[in-house]
Amino acid sequence: MKINVTLPDGSVRQYEEGVSAMDVARSISEGLARNVLSAKVNGEVRDAGRPLPGDCTLQLLTWNDAEGKATLWHSSAHLMAEALEALYPGTKFGIGPPIENGFYYDVDFGDRAVGEGDFAAIEAKMKELAAKKEVFTRKEVSKADAIAYFTQKGDEYKLELLQDLPDGSITFYTQGDFTDLCRGPHLPDTSPIKAVKVLSMAGAYWRGDEKRKQLTRLYGITFPKQKELDDHLALLEEAKKRDHRKLGKELDLFTFSEKVGAGLPLWLPKGTALRERLINFMKNAQERDGYQQVATPHIGGKQLYVTSGHWEKYGKDSFRPITTPQEGEEFMLKPMNCPHHCEIFASRPRSYKDLPLRLAEFGTVYRYEQSGELHGLTRVRGFTQDDAHLFCRPDQVKEEFMKVIDLVLLVFRALSFEHYEAQISLRDQVDRSKYIGSEDNWNKAEQAIIEAAAERGLRTVVEYGEAAFYGPKLDFMVKDALGRRWQLGTIQVDYNLPERFELEYVGSDNGRHRPVMIHRAPFGSLERFIAVLIEHTAGKFPLWLTPEQAIVLPISDKFVDKAQAVTELLKTHDIRASVDERNEKIGRKIRDAELAKVPFMLIIGEKEAEAGTVSVREQAHGDLGAMTPVQFKELVDARIAQQMAGI
RNA sequence: GCCUUUGUAGCUCAGGGGUAGAGCACUUCCUUGGUAAGGAAGAGGUCCCGGGUUCAAUUCCCGGCAAAGGCUCCA
């Protein structure tokens, strides 16, 4: 019997029945065979060594495929487990999956203390075992046999996992002396695992349940080549250098105070200047798009949130209400701006001619976050959203969406986030019971989002069941300079709040209609956005945004007056500049300005004082030569225009 | 919130049962130097906070608080 195997390029090859993906690879080339880690057969990832099931489509997976990497890392998790069992007999094993960058294994060392000091030994053992070219053997076992095996081994975690598995679908994988309950797939053998690093360890609850025992989670990563491991470690090192918490301190952007409280950032003058510039940028863009700024207080009556439904849903996990001393009235710190904005909408009768009504506010909101979850500026308890609510007719949703998409893309371009994608979150395809709003409106809105995204040429993924109960949404993800993904802006349709606040407008038919509300925040929150921006740019902000564009460096005390005069001149030309008046040598001043990432250094000595020029040095680039302050201003303008080209 | 680790000068960190150190930053003086660290002197600490053990605690123990890495959660 022959079988037909269809390869990704569409070609069909014939093989004897029982042929494996690896055999197919070898028939194409030995080099390819050496690189095959696993195979996708009819869309399912399987061991490369397993016989093909018959006529099928086949994609050979290598290190260049995400699934190939996952296979290598999954097998590496088993390899680490084998090493741990060899080094620490009696260790019990939870689960050990591959993850985005590497893998982990949750283990129970019992009373044994294993720490970071033991990583080197674990790595050495893993390399030793990998070099033995141990073969991964797949075996189907009955549930009874599987239970017997782990009972004898005394591994209660695996026994618990087995309970949930139906008989007949259970497979074991064995390499060397280690056998694990596993669905697979795995590498043919351990030899592709060449470079090994155990990265970190942390506690993790068994099955993510905080009431259950905490296991030790060991994170690791492996590569087929040492060079790739070195590169990866260098990337981690670079990420550490760019950590916004570290750079925020070094660049004097923000700080935290124990007295003020955890998760409550204090913005320093330079950081505030940065914020203000982002805010103005957004305000200008929004003004062009017909938004109107509003301002609302930081607190709101508890009843407001009872009406909005947030009290019921989040009240108990939120900051407690504050009360007035005499009357005992309850107020909440506002966790969002929308209820306030709904009341502005409701403050007077609205006509369909008024719509869309776009109310924008840089509103600072307060949300209780668990103490363990706070993290720099990316997870805080008080933050400012570039919030706006668009009240519109159902037929306006699509157009409004497109305009908001344009606004988000404008932000990405202005801040050179070149890689981004969007996620469209729609209703669960089957269960529609949990959603509020009419079937008709949902269909319209979902369709509107899909079409708007398509018309703007967005790269999107559609996720069913990810919509909020009150409406579908579109979230933007950017990739930063190190390839890390961050979720930033969001656009959400909301049928719930107009309903709860009984918002209405009078239509052309003179009847009352319910508006649709769109929440949107292109930055998301300023705090989070700035954190991402810091890490993306390594603290070297675009010229239009940076707090200090130029620093004037007098060669000696004699030229301080001249330097100050130049600085004043630059300031009148809207260039943000200051003077380094310290009694230091020029080399020192340059070094400090370089480290502070000030884009331009203007050096003034005898030559320049006489010629009425400044010598311009660009950060990280070097000397640009002498020019007049006005010429420098033109240079800055040209650079900004260049950065903002096409915006 | 839970687990592990950490908390010493503005910053980065060393030290250790007898109330403390380095480098950088800061102040003053010398130096007036041309594209990535000039020299000297000085000032600066409730050793996170509160209890306990001890003749004596910054050090050991307990409890808080904060930070880091995870887990769980996120309008």
Side-chain angles (χ1 to χ4, degrees), chain A residues 104 106 113-116 199-219 240 243 245-246 249-250 252 255-264 305 308-315 317-318 332 334-339 365-376 378-381 383 385 387 468-471 473 487 490 492 494 496-497 519 521 525 528 553-560 582-596 601-609 615-626:
Chain A
Y104 67 79
D106 285 346
V114 176
E116 298 189 0
L199 292 166
S200 62
M201 63 193 300
Y205 297 108
W206 172 232
R207 312 201 101 178
D209 182 346
E210 64 182 72
K211 291 180 191 66
R212 308 203 56 182
K213 189 172 161 105
Q214 187 146 30
L215 305 181
T216 303
R217 176 168 296 178
L218 281 167
Y219 287 91
K240 224 190 235 174
D243 189 316
R245 294 166 298 182
K246 180 169 145 36
K249 191 179 268 180
E250 286 174 11
D252 289 324
T255 187
F256 288 91
S257 150
E258 279 190 33
K259 286 201 188 72
V260 172
L264 300 170
Y305 300 100
S308 73
H310 294 109
W311 172 257
E312 193 194 350
K313 200 159 161 50
Y314 297 102
D317 312 312
S318 196
M332 305 281 290
K334 73 174 170 187
M336 68 230 322
N337 306 300
C338 23
V365 298
Y366 302 89
R367 296 179 184 177
Y368 169 73
E369 299 286 356
Q370 297 187 94
S371 58
E373 203 39 55
L374 300 171
H375 181 92
T378 58
R379 204 62 187 277
V380 288
R381 284 176 171 168
F383 57 94
Q385 296 176 313
D387 210 358
F469 73 93
Y470 51 78
K473 61 180 180 177
Q487 202 218 299
T490 178
Q492 309 187 355
D494 187 348
N496 181 46
L497 286 181
H519 309 249
S525 89
R528 186 179 164 79
L553 310 180
I555 292 280
S556 79
D557 287 353
K558 283 183 274 186
F559 307 104
V560 168
R582 292 176 306 164
N583 179 4
E584 292 291 348
K585 292 172 119 173
I586 194 66
R588 178 53 181 275
K589 292 179 184 178
I590 286 170
R591 176 183 156 80
D592 289 346
E594 285 281 345
L595 291 176
M601 287 149 258
L602 309 184
I603 295 157
I604 295 192
E606 193 154 6
K607 281 185 301 193
E608 292 82 0
S615 282
V616 178
R617 179 189 162 105
E618 187 176 5
Q619 199 263 345
H621 288 92
D623 200 353
L624 300 183

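Treat the numbers as computed from the prediction; the structure is a model and nothing was measured.
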CA sep, side-chain torsions, deciding dist, call: A/Ile555, A/Glu606, side chain to side chain contact (heavy atoms under 4.5 Å, CB included): CA-CA 8 Å; A/Ile555 292 280; A/Glu606 193 154 6; over 6 Å; no
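For the pair A/Tyr366 and A/Met332, the minimum side-chain heavy-atom distance is 4.5 Å or more. The side-chain heavy atoms of A/Asp592 and A/Glu584, taken from C-beta on, include no pair separated by under 4.5 Å. With a 4.5 Å cut-off on side-chain heavy atoms, A/Val365 and A/Phe383 count as touching.
Across all strands shown, the partner of B/U5 is B/A67, judged by Watson-Crick or G-U wobble contacts whose two distances both fall under 3.5 Å. B/C13 is paired with B/G21 under the criterion used here, namely a Watson-Crick or G-U wobble arrangement in which both key atom distances are under 3.5 Å.
At whole-Å resolution of the value, CZ in A/Phe469 and C1' in B/A75 are 8 Å apart. One can place CD of A/Glu584 at 13 Å from C1' of B/A40, the figure rounded to the nearest angstrom. Rounded to whole Å, the distance from CZ on A/Arg245 to C1' on B/A68 is 7 Å. If you measure from atom CD of A/Glu369 to atom C1' of B/C73, you get 8 Å, rounded to the nearest angstrom. Regarding A/Arg379, its CZ atom lies at a distance of 14 Å from the C1' atom of B/G70, rounded to whole Å. Across the protein-nucleic acid pair, A/Tyr368 atom OH and B/G1 atom C1' stand 6 Å apart, rounded to whole Å. For the pair A/Leu595 CG and B/U35 P, the interatomic distance rounds to 17 Å; values are reported in whole Å. The distance from atom NZ of A/Lys589 to atom P of B/G38 is 11 Å, rounded to the nearest whole Å.
In this structure, A/Glu608 reaches the bases: a heavy-atom distance under 4.0 Å links it to at least one base atom across the strands shown. Counting any heavy atom pair closer than 4.0 Å across all strands shown, A/Gly372 reaches a base atom. A/Ser200 comes within contact range of no nucleotide atom at all, as no heavy-atom separation falls under 4.0 Å. Using a 4.0 Å heavy-atom criterion, one finds that A/Lys313 contacts no nucleic acid atom at all. Across all strands shown, A/Ser615 has heavy atoms under 4.0 Å from base atoms, whether or not it also approaches the sugar-phosphate. Heavy atoms of A/Ile586 sit under 4.0 angstrom from primed sugar atoms or phosphate atoms, though from no base atom. The residue A/Tyr219 sits close only to the backbone: its heavy atoms come under 4.0 Å of sugar-phosphate atoms, none of a base.
If you take atom P in B/U46 and the same atom in B/G64, they sit 26 Å apart, rounded to whole Å. Between B/C49 and B/A66, the distance separating the two C1' atoms is 10 Å to the nearest Å. Of the C1' atoms belonging to B/G44 and B/G10, the separation is 10 Å, rounded to the nearest Å. For the C1' atom pair drawn from B/C60 and B/C47, the interatomic distance equals 15 Å after rounding to whole Å. For the P atoms, the distance from B/U72 to B/U27 is 49 Å, rounded to whole Å. Spacing between B/G42 and B/C24 at atom P, rounded to whole Å, works out to 15 Å. Rounded to the nearest Å, the gap between the C1' atom of B/C13 and that of B/G17 is 23 Å. Comparing B/G1 with B/A14, their C1' atoms are spaced 35 Å from each other, to the whole Å.
The two atoms that bring A/Glu594 and A/Gln619 nearest to each other are O-NE2, 3.0 Å, heavy atoms only. Closest approach of A/Arg367 and A/Gln385 over heavy atoms only: NH2-NE2, 3.6 Å.
Each of A/Ser556 and A/Leu374 has a nearest nucleotide on RNA chain B; the 5'-most of these lies closest to A/Ser556. For A/Gly261 and A/Glu606, each mapped to the nucleotide of RNA chain B holding its nearest heavy atom, the one lying further toward the 5' end belongs to A/Glu606.
At B/G70, none of the side-chain N or O atoms of A/His375 fall inside 4.0 Å of OP1 or OP2 (strictly under the cut-off). Between A/Lys249 and B/U12 there is a side-chain N or O to OP1 or OP2 distance below 4.0 Å. Proximity of A/Arg217 to the phosphate of B/C71: a side-chain N or O atom is located under 4.0 Å from OP1 or OP2. The shortest distance between the side-chain N/O atoms of A/Tyr205 and the OP1/OP2 oxygens of B/G1 is not below 4.0 Å.
The A/Glu258 side chain lies nearest to B/C65 when the options are B/G33, B/A75, B/C65. Comparing B/A66, B/A75, B/C73 by their nearest atom to the side chain of A/Gln370 picks out B/C73. Listed candidates were B/C26, B/G34, B/C73. Nearest to the side chain of A/Arg582 is B/C26. When distances are taken from the side chain of A/Asp557 to each of B/U32, B/C73, B/C2, the shortest belongs to B/U32. The side chain of A/Ser371 has B/G1 as its nearest neighbour among B/G1, B/C3, B/U35. The nucleotide whose nearest atom lies closest to any side-chain atom of A/Glu373 is, among B/A75, B/G34, B/C71, B/C71.
Annotation: the span from A/Ile590 atom CD1 to A/Lys585 atom NZ amounts to 12.5 Å, rounded to 0.5 Å.
The neighbour count for A/Glu250 CD, taken as heavy atoms of other residues, nucleotides or ligands under 6.0 Å away, is above 12.
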